[in-house]
Protein chains: 6
Amino acid sequence: MGADSSAPTVRATVVQASTVFYDTPATLDKAERLLAEAASYGSQLVVFPEAFIGGYPRGSNFGVTIGSRTAKGREEFRKYHATAIDVPGPEVDRLAAMAGKYKVYLVMGVIERDGYTLYCTVLFFDSQGHYLGKHRKVMPTALERIIWGFGDGSTIPVYETPIGKIGAAICWENRMPLLRTAMYAKGIEIYCAPTADARDIWQSSMTHIALEGGCFVLSANQFCRRKDYPPPPEYEFSGADDLTPDSVVCAGGSVIISPSGTVLAGPNYDGEALISADLDLGEIARAKFDFDVVGHYSRPEVLSLVVRDNPTKPVSFTSASVKTEDFQK
Amino acid sequence: MGADSSAPTVRATVVQASTVFYDTPATLDKAERLLAEAASYGSQLVVFPEAFIGGYPRGSNFGVTIGSRTAKGREEFRKYHATAIDVPGPEVDRLAAMAGKYKVYLVMGVIERDGYTLYCTVLFFDSQGHYLGKHRKVMPTALERIIWGFGDGSTIPVYETPIGKIGAAICWENRMPLLRTAMYAKGIEIYCAPTADARDIWQSSMTHIALEGGCFVLSANQFCRRKDYPPPPEYEFSGADDLTPDSVVCAGGSVIISPSGTVLAGPNYDGEALISADLDLGEIARAKFDFDVVGHYSRPEVLSLVVRDNPTKPVSFTSASVKTEDFQK
Amino acid sequence: MGADSSAPTVRATVVQASTVFYDTPATLDKAERLLAEAASYGSQLVVFPEAFIGGYPRGSNFGVTIGSRTAKGREEFRKYHATAIDVPGPEVDRLAAMAGKYKVYLVMGVIERDGYTLYCTVLFFDSQGHYLGKHRKVMPTALERIIWGFGDGSTIPVYETPIGKIGAAICWENRMPLLRTAMYAKGIEIYCAPTADARDIWQSSMTHIALEGGCFVLSANQFCRRKDYPPPPEYEFSGADDLTPDSVVCAGGSVIISPSGTVLAGPNYDGEALISADLDLGEIARAKFDFDVVGHYSRPEVLSLVVRDNPTKPVSFTSASVKTEDFQK
Amino acid sequence: MGADSSAPTVRATVVQASTVFYDTPATLDKAERLLAEAASYGSQLVVFPEAFIGGYPRGSNFGVTIGSRTAKGREEFRKYHATAIDVPGPEVDRLAAMAGKYKVYLVMGVIERDGYTLYCTVLFFDSQGHYLGKHRKVMPTALERIIWGFGDGSTIPVYETPIGKIGAAICWENRMPLLRTAMYAKGIEIYCAPTADARDIWQSSMTHIALEGGCFVLSANQFCRRKDYPPPPEYEFSGADDLTPDSVVCAGGSVIISPSGTVLAGPNYDGEALISADLDLGEIARAKFDFDVVGHYSRPEVLSLVVRDNPTKPVSFTSASVKTEDFQK
Amino acid sequence: MGADSSAPTVRATVVQASTVFYDTPATLDKAERLLAEAASYGSQLVVFPEAFIGGYPRGSNFGVTIGSRTAKGREEFRKYHATAIDVPGPEVDRLAAMAGKYKVYLVMGVIERDGYTLYCTVLFFDSQGHYLGKHRKVMPTALERIIWGFGDGSTIPVYETPIGKIGAAICWENRMPLLRTAMYAKGIEIYCAPTADARDIWQSSMTHIALEGGCFVLSANQFCRRKDYPPPPEYEFSGADDLTPDSVVCAGGSVIISPSGTVLAGPNYDGEALISADLDLGEIARAKFDFDVVGHYSRPEVLSLVVRDNPTKPVSFTSASVKTEDFQK
Amino acid sequence: MGADSSAPTVRATVVQASTVFYDTPATLDKAERLLAEAASYGSQLVVFPEAFIGGYPRGSNFGVTIGSRTAKGREEFRKYHATAIDVPGPEVDRLAAMAGKYKVYLVMGVIERDGYTLYCTVLFFDSQGHYLGKHRKVMPTALERIIWGFGDGSTIPVYETPIGKIGAAICWENRMPLLRTAMYAKGIEIYCAPTADARDIWQSSMTHIALEGGCFVLSANQFCRRKDYPPPPEYEFSGADDLTPDSVVCAGGSVIISPSGTVLAGPNYDGEALISADLDLGEIARAKFDFDVVGHYSRPEVLSLVVRDNPTKPVSFTSASVKTEDFQK
C-alpha cells in the first residue's frame, strides 16, 4: 500500500427503533424492513439496539422485591424466556440470510436463551450472510441481574472485516474501563454500543470512548413509547401510573462519533429513525498519532490487564470436543 | 416460538415393585406387565427401581468378614452373577422392544455383567424401541462395594428427548453433589432416582434435588417383603431371624416432585404400585428464574467442576476401534 | 485418645430475632442481650441470622425497575450503605468483645461495607473475644444482586476450634452444590446456615445437607413483623398494601439438625426465640461411616472440583503486602 | 454511624491561572495569593493546573526535528531545567508552609527535577502543612516526551484525608483507562485532573470519568495569553507568528463535576478565575449504588489489572536505605 | 576442532543508501538491486540502515509543539503510517525471498506498523530465505518518541548462524550500556548498528563498542540529499529554508570495525556506497583473552543486570496462542 | 534558583606525570609540586594517574609463569608491597593536608595496602583538607590480577561537592558498562579516569563515556620513559631488551572531554604536563536533554542493574562495629 492510497470510507447506519414486544417473528420482520431501507441508502454496516430481538423489559420488576417473588413475575419470566432465541438457531439463520440478502454487515442486539438462563447478547453477521459470532454482556445492570446471566471472557470478539474491525459493548458495559481496554487491544475500529440508556450524559461517554479508543463509536438505542409494550395488565411499568400510550419511555439518543470526537450523526431524540454517516477510516491513524491507548500511549510494564478469555463453565467435561464458537475472536 | 406457546406436559410413572429374585426372565415378564399397565394410563415415561433386573441382594453379606470369605458366599456370588445381564445383550434387546411396543420412554435399573465384574446400572430406551445407553453407578455404598464395580465418568448421560432431558442417579449417588452437578450441567430436566433407600429422610433429599436442580425428580424404589426373596437357607437375611414371609424389608417411598419442590405424587409406603403425575415442563423456567444452578446462580470463576468423562480402562489396545457407546452422553 | 473417650458435646443456640432496622447501635445492643441470654443457658456457640447487623431490606425494591432507577431508591441505598459496617471496624470490635465477655463462639450475619459495594457477610468470633474472619456470600439472590456484591473464593472459611470445625453458607448459597462441597472439603462439622428463607421446603434442604455433608446444620432466620421495619413512607413493602403492623413478614423456621438427619430443635415459626440443642460430635463419625462426601464416597478421578480461593481483585498492586485474612481458611 | 448521619460536604476550588514563566519565586508568590483568596472563601481543597510551578512551555519545540537538534533548543532546555524544582527541596517546603498557613489541602502541578531528567508532577499537601507525596505523569504526550521523563507505578497515590480520598491524573493520563482503574481501585473520591487541554471535548472525558469512577472530578487548567510567556525572541511560539500579546494561547475550561455527571462549577473559558463548588460526599454512595467500577460492577475473574507499583530504577543499590516516598500510596 | 583450524572469515557489506521516501515498493526494488550487487562481490551478510524501509522522516516535526498539534502534521503521520509495513506481511515475505535468492544473511531497518503504533525495527533473514525475527528499538530519541513506540525486552535477539552470532542495536540504543550488555550476554559476535547519526563522534562509540563487546561492529547509515525526500510543500525540513536539492542532509559515515578496535572499512562520508570487509572471526577470541565483558572481566556478584525479556503487553489474553517470535532469542 | 542563573564553571587539571618508582616520600613531594603548580593556575580540581603513589610496575612479570614462580619475583613483590600505603595512614594524612593547603579537590591514584593484599585505589580529598573516601578497582586486568586484589561494590563512590559530583573508574574498569552505569546512577558529573592505557583507541572510549554518561571525562595517565623506573637488574622490562633510558614506555594521552563529546584539552602524548580546561557545568543539562542514560533514556522496566554495594568480607565478626567508610557513597 503506497502512502498516497486513501483509507476506505464506510457508510454505516444506526437503527433507532423499538422491539415488537413479546413477538419475535414480528420483530424479525421489522428488522428486515429497517435493514432493507438502510441498504437502499448504500449502508454497509447496520447496528441495532440492545435486546432488539427479545426486547428490553423496561419498567418491569418481574414481581421481585428483596426476599420475595410472585407467581405472576415467574410467569412473566416464562414468557420472556419463550421470546428469547437460541444461538445458533432458526432466528439466527434468518438474520444471517437477511445480512446476505441486503449485503450488509449486521450487528444485532438479542436476548439469547441458553437452557434456562438468558443473556443479553449482540450477534455479528457478515455481508455474505454468515453468522460470525456473539458478544454476551458481562455484567448486567441493576434489575437486569435477575433476568440475565453474566457473560464470560470468551465472547468479547472483535472481527476483522473488509470494512474495519468490529466489536460491541452493551449499555453500561461501556462504562467498564477494563472491558473497553480488552476491545482496544483487539484493535477495534468500529465500536458498536447498543444501549438502553437515553440520558444526555450518555453522549459524554460515547465521545470519551471515541477519543480514548481512537475508534468510531456507533451507539444504537431503541425509541419506545408506552404503546410499544403490551397494554396493562399484560405488561406493567411498575410505579409509573401516569403513562399515556404516547408517553416516551425510551428517548433514543443514537449517535455516530469519529475517532477525534466529532459527532458525525445524531444524537436523535425525536422518534424512530435511521442515523447514518460515512466513516473515513483514515481518521483512525490521524487520531492514534496523538493517542494510541494500547500502543505508544500504554505503559505495559506498569499497568497490564489480563483478560481470561477462555470460556468458563461451572462444569467442564474433558472429553468434550471444543465447539468452534468458544474460541472465536 | 411465541411467548404464548405453552410448554409441554408429560405423563410419567414411577414403578414401585420387587424383582423376581434369581429369575431374570420372570422379572422381564413382570416388567412388561407393569409397563403395559402404565402405558394404558397414557404414561410416556416409566422409571423402574435400582437393580430391578438382577435384584438387590438385600440382607445378604456374601459370607464376607474382615480377612475372611466363605465358600458359600462365593457360590452366592456366582448365582448373582449369572442373574445379571450383558449390555448390550438379549435382555437389553427385549427391554428395547418393550419400550417400542408400548411407546414409552423406559428407565430401567439392572445389574450389568462385564466379564466377571458386575455394575449397578440404569438403562435408557426411547419410545421408538431404541436402546439409548446406560449409567453405571459410580460409587456403591458399603457392602455393595464387594459385589459391584465402580462406574467411570463416561456413563453419566443425559438424553435430550421430545419429552425433556432425562438422566439418572442411583440411590446414594443422589447424595453426591458433584455428580448431580455434572447432570445439571448437561441440562437434566427429568431427574430419575432409582433407589433402595426407603427411609423418611430420603424425601428431604428428593425435594432438595428438585429445588437445587430446578428439575422434576422421579424416585423409584422396590417394595419388597421377605417372601420376595428365596426362602432360607437358599437366601438369608443376615442377623434378621425374626422376619416372617410378610415382613416388609423395603418399604418403597417412591415419589414425584416438581422443580419448585411440590410433591406431585407419592411417597407411597403401602405396597407395589404405579405412581404417576403430569409434569408441566413450564415449571422449569419459572423455577430457574429464581435459581439456575449452572446458569445465573453459578460462580464458575470460583467453583468449577471438572468431569473426566472419557472411559477409563485398565488395559487399552491401540488397534481397538472405539465403541460408540463410550462417547454417548 | 482412647476408644472409650467420648466425643465432646457442644451446646449450641440459633437466634431467631429481627434486626432493629436502620439502627445499627440498637441492633448491637439487642445482639448482646440475646447473646447474654444464650450464654446463661450454657450455650457455647450462638448463630445469628443473615444480615442481622445491617438488616435484610425485605420487600424493598430500591426504586429499581428494568432500565430505570429513582432518586428515592438511591437515597434508600445511601441510608442502607450508612447502616452497614466496615470489617474490621468498631462494630466488629464490639462483637468480638461480646463473644469474649460471654465466652461463646459467635457466628453473626452482617452487611459489610467495602468502599461503596456492600456484601452479605457472616463474621466468626471465638470465645476468647477474637475476630476470626468472614464469609462473603458468593452469589446474591434475585434483587439482592443490585444491593450486594459477589464474594470470591477467598472467604469460604472453615475454622477449626475446640468445639468443632465451623463455617457458614448464607441463604440460597445452601443450594449451591459446589460451594457446599468446598466446605465439606475443608472438613466442616458445624455447618451454619443463616438465611432469609422461611418456607417449609427450606427444611428439606437443611436435612439433605446434614446427610450429604455428615455435619450438624444450624439454620438461623429472622422472625419479623411489619412493625420491625420503619413505617411507611420511610420504608415500604412494594406491592404489599395490606400489611398491618402485626403482619408476619418473615416467619423464621430456625432449626438444628444432626448428621444423621434428625431434627434436634425447631423448626420454630412462632416468634422471636432462642433454639438450642446439645450436639454430640460423635454423631459425625457414625454418619460418615456410611457416607463421607469428600472421603470414601467421592470419586476424585472422575469428578473433581476446583475452588479458586485466592482473592480476585479487579486491580492488584504488585508491591502490596498480603493481608493475613486473605488467606485464612 | 447511623443511617441518618449525613455525609460531609467539602468546599473545593480549582485555580485557573498562568505560571509566571521562567520565574519560579514569582510563581510561588502568585500561588500564595490565589491560595489565600480561595481560603478566604472557605475552601478546604485547592487544585492548581498542570506544571503551574515550572511552567508549561506551550508552543515551544525546543529546536527538535526528527534526527536533529539545535544549540538554541538545548539552551532553552537548560533554562527550563533550572526553573524546575527538586522534590523534596526548598520550594516544596514553601508550598507545605502555605498549605498549613491557610489550612487547605493543596494539589499543585509542578515540574520536578531529578538529576537531569524532568518530570511533570503533582504534589499533595495536607491542611496541617505536611507534604504528602507526589504523582509523576506516567506517559507524556507528543513533544512532552522529549522534555519530561516517564513516571513509574510507584507514584500513583491516593491519599485518605478527612475531606475524602484524593489523587490526581495529569492531562491525557486521564485518557488512560488502566491508570484510571488503578486510582479507582485505591478508592479515589476526589479525582483531580490538572491539565493543559482546553478543547471542548475535554469536558466529555471529565463527565465520563465522574460517571465511570463514581467520584468528583476537579479539572484545573491554566488560562494564558501570549504575554504570560517571555516575549520573542527569548520565547517563541513555533509557527504561530500572528499572536498578539493578548492572544489567548490556553483558554482554561476548568470545571468541577459530581459523581452523577452533574457540572457543579465551570467550565470557565473567560480568564483567570477561582472555580468553586461544595461537594456533597453522599453523592458517591448514591452513584455507586448504580455502578461501582471496582466493586459490584467489576468482573475480576475475567478482567484483572496488574499494577506494578514498586519503583523501577535503572540501577539499584542493595545497601541503599529505602526512601519513604518511594512507597507512599 | 584442532588448534590449527582457522576460524571462518565472513565477507560482510554495509549498505549506505537512501530510502525512496513515501514509496515502499520502490524502496524494496532498490534494496534488491543493492543486495544483488553486494552478493555479486561475494558478500555473505548485508546490513541496511535504520528505517531503510519506511524512511527516516528527517527534519520533519509532524506539526507538533508543546501542547499543540496541526491537522497537517496528523495527515503527515497518516501517510507515514501507510508507508510502514506489517511484520509479518507481504513486504517481509519479499525480503525473505530476496535473502534466499541472493543467498545472503540480511539485516534490514524498517518501520514496523502494529495497529496504529509504529516501531523502528530491524528484521533478520537467513541465506535460505527465512525470516528469523526482529528487534524493536527500545527507546526512540527526541522527536522520534512522538512517531514511534517503545520496544520491550522480548525483541532483543541474537541469532546463532553459521557465519556467527548476529544482533542489532539501532542508533542511540548503542549508547545504552545495559542494552548492549544484554546483547553481549547473548554472545553477540557480529554487532549491527543501523543508525541515523552521521556525526564524527559516532565513530568513537562504534570503536568503543567493538572493544567493550569484543565483537565486530557494522554501522550502516543512509546517505541522503534533500532531493531524496519529496519536494516542499509535500515534505518540509522545519527551519531549514536554505537547503538546495543537492544539500547533504545525512552524510553517512558507515563503518566496519574489528573486535580490537581496528577500522576495517569506512567510514564513508562521500555518497551512496557499499562498504565491505572480510571478518576474521578468530579476532574475537584474541580480543576476549584481554577483556571479556560478560566473562572473566565481569563481577556478577557486585554488578548484575536483570533483563525482563518476556513480552509486555498492555492487555494479555489467556487463551491466546503464543506466537513463535515472542520467544526468539 | 532562577532560570537566568548561569551554571558554574570549574577549572580542572589532569596531571600527566610519572611516579618516582620505589620511593613513596619522593613521589609525595612530586605530587605536592604538581598540585601547587595547578593551583597557581586557578585549578579547583586535580586528577592524578592510576597508581601514582606506589607505582605502576609496567613491564614486570613478578617471575610468574603458569605453574611456577621465582624467588626473585617474590622479592620484587615484597618491595612493591613496602612502597604501598595504608588507608587511612600517614600518607593519606599528608595528601589531605596538601589538598587543604592548595584548596583544591584532589583525586589521587594509589596502591593501597590492606595487610598483605594490595589494591589499585583512587583516593578523594576535598579542598578543606578532608579525606573523603576511596574507590578500589573492582577488576584488575591480566597480570594485575596476581598483584592486586579485587574491590567490592562498597567502594564505588560519587561525592557531591560544590564543584559537581565526582567519582572515578580506573583503566579498563572504564570498559565495564555495568560499573559505569552504577556511577551514572549516582549522578556523576565529573568522571575521572586514571589509567595506564596510552593507545589511541583509548580516546574513543573516553569520548563515548562522555556522551553515554552526559558527564565531563578527565583521563589522567602517566608519561614514563624507561629511566623513570630503576635500571636493570633492579627492575626489568621483561622481553624488552632494546629499551634505552629515554624510550617512552607510557605515552600519556591524558585528555579532558565535555558531555557533548568535545575534546577540551589534550590528548597529550608529548611528555609530563598539566592538562587543564574550564568545565561549563551547564553543558550537562544541554547534553542530557538529548540523552540521559539513567533518566529519560533508560528502560528500567526492561533493563535493571543491581549493584551489591555492601562490603563483602571473607570473615566478619558479629561484635565488630561497622566502620564509617564502609557505607560511604
Side-chain angles (χ1 to χ4, degrees), chain C residues 20-27 54-55 62-64 68-86 89-91 113-119 140 144-154 230 234-235 308 310-321, chain D residues 1-7 152-154 156-158 160 165 178-189 213-215 259-260 280-312 322 326-329:
Chain C
V20 185
F21 209 81
Y22 278 161
D23 191 340
T24 295
T27 303
F62 286 84
V64 176
S68 160
R69 288 185 187 267
T70 62
K72 182 167 180 303
R74 284 201 181 93
E75 174 61 13
E76 189 179 357
F77 181 75
R78 194 198 60 74
K79 287 167 68 180
Y80 188 56
H81 178 267
T83 312
I85 66 173
D86 291 322
E91 292 85 358
R113 180 174 52 216
D114 185 356
Y116 289 95
T117 289
L118 303 180
Y119 294 94
E144 296 169 4
R145 291 179 192 168
I146 67 161
I147 53 168
W148 299 337
F150 300 63
D152 63 22
S154 72
E234 184 181 356
Y235 191 95
R308 278 168 208 86
N310 52 317
T312 59
K313 307 270 182 186
V315 183
S316 3
F317 298 89
T318 53
S319 74
S321 61
Chain D
M1 177 166 75
D4 288 334
S5 70
S6 48
D152 63 23
S154 71
I156 311 174
V158 170
E160 183 158 10
K165 294 178 183 167
L178 302 185
L179 180 75
R180 293 196 309 269
T181 304
M183 296 174 72
Y184 301 151
K186 290 183 171 180
I188 195 163
E189 294 172 328
C215 50
S260 59
D280 168 10
L281 297 189
E283 277 299 287
I284 296 173
R286 292 182 203 107
K288 295 231 174 176
F289 174 41
D290 295 13
F291 185 88
D292 188 355
V293 67
V294 294
H296 66 78
Y297 222 103
S298 66
R299 287 295 305 277
E301 314 87 338
V302 176
L303 298 153
S304 62
L305 172 65
V306 179
V307 181
R308 279 169 209 86
D309 60 352
N310 50 316
T312 58
V322 174
D326 286 346
F327 292 104
Q328 71 199 343
K329 250 189 305 197

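Order of the sequence lines sets the chain letters (A, B, ...), proteins ahead of strands, with each chain counted from 1. Hydrogens, waters and symmetry mates play no part in the numbers below; they use all other heavy atoms, side chains included. Source: prediction; values computed, not measured.
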Partner chain C: residue of D:D290, D:I284, D:V293, D:L178 with the largest heavy-atom pair count (under 4.5 Å)
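Among the listed options, the one with the most contacts to chain C is D:D290.
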
Pick from D:V302, D:T181, D:V294: which one has the most heavy-atom pairs with chain C under 4.5 Å?
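Highest number of heavy-atom pairs under 4.5 Å: D:V294.
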
Ignoring hydrogens, what is the shortest heavy-atom contact between [X] and [Y]? Give both atom names and the distance.
X: D:A285; Y: C:H81; result: CB-ND1, 4.0 Å
X: D:R286; Y: C:R74; result: O-CD, 3.3 Å
X: D:L281; Y: C:Y116; result: O-OH, 4.5 Å
X: C:P314; Y: D:P300; result: N-CB, 3.5 Å
X: D:E301; Y: C:T312; result: CG-OG1, 4.4 Å

Tell me, side chain or backbone of [X] under 4.5 Å from chain C's heavy atoms, or both, or neither?
X: D:S304; value: both
X: D:E283; value: neither
X: D:L303; value: backbone

I need the residue from C:D114, C:D152, C:L118, C:I146 with the largest number of non-hydrogen atom pairs under 4.5 Å to chain D.
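Highest number of heavy-atom pairs under 4.5 Å: C:I146.
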
If you round to the nearest 0.5 Å, how far is NZ of D:K288 from CZ of C:F77?
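Answer for the CZ-NZ pair, C:F77 versus D:K288, is 10.5 Å.
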
Students often mix this up, so state it plainly: with edges at 30° and 60°, are the rings of D:F289 and C:F62 parallel, tilted or perpendicular?
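The arrangement is tilted - the two ring planes meet at 30° to 60°.
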
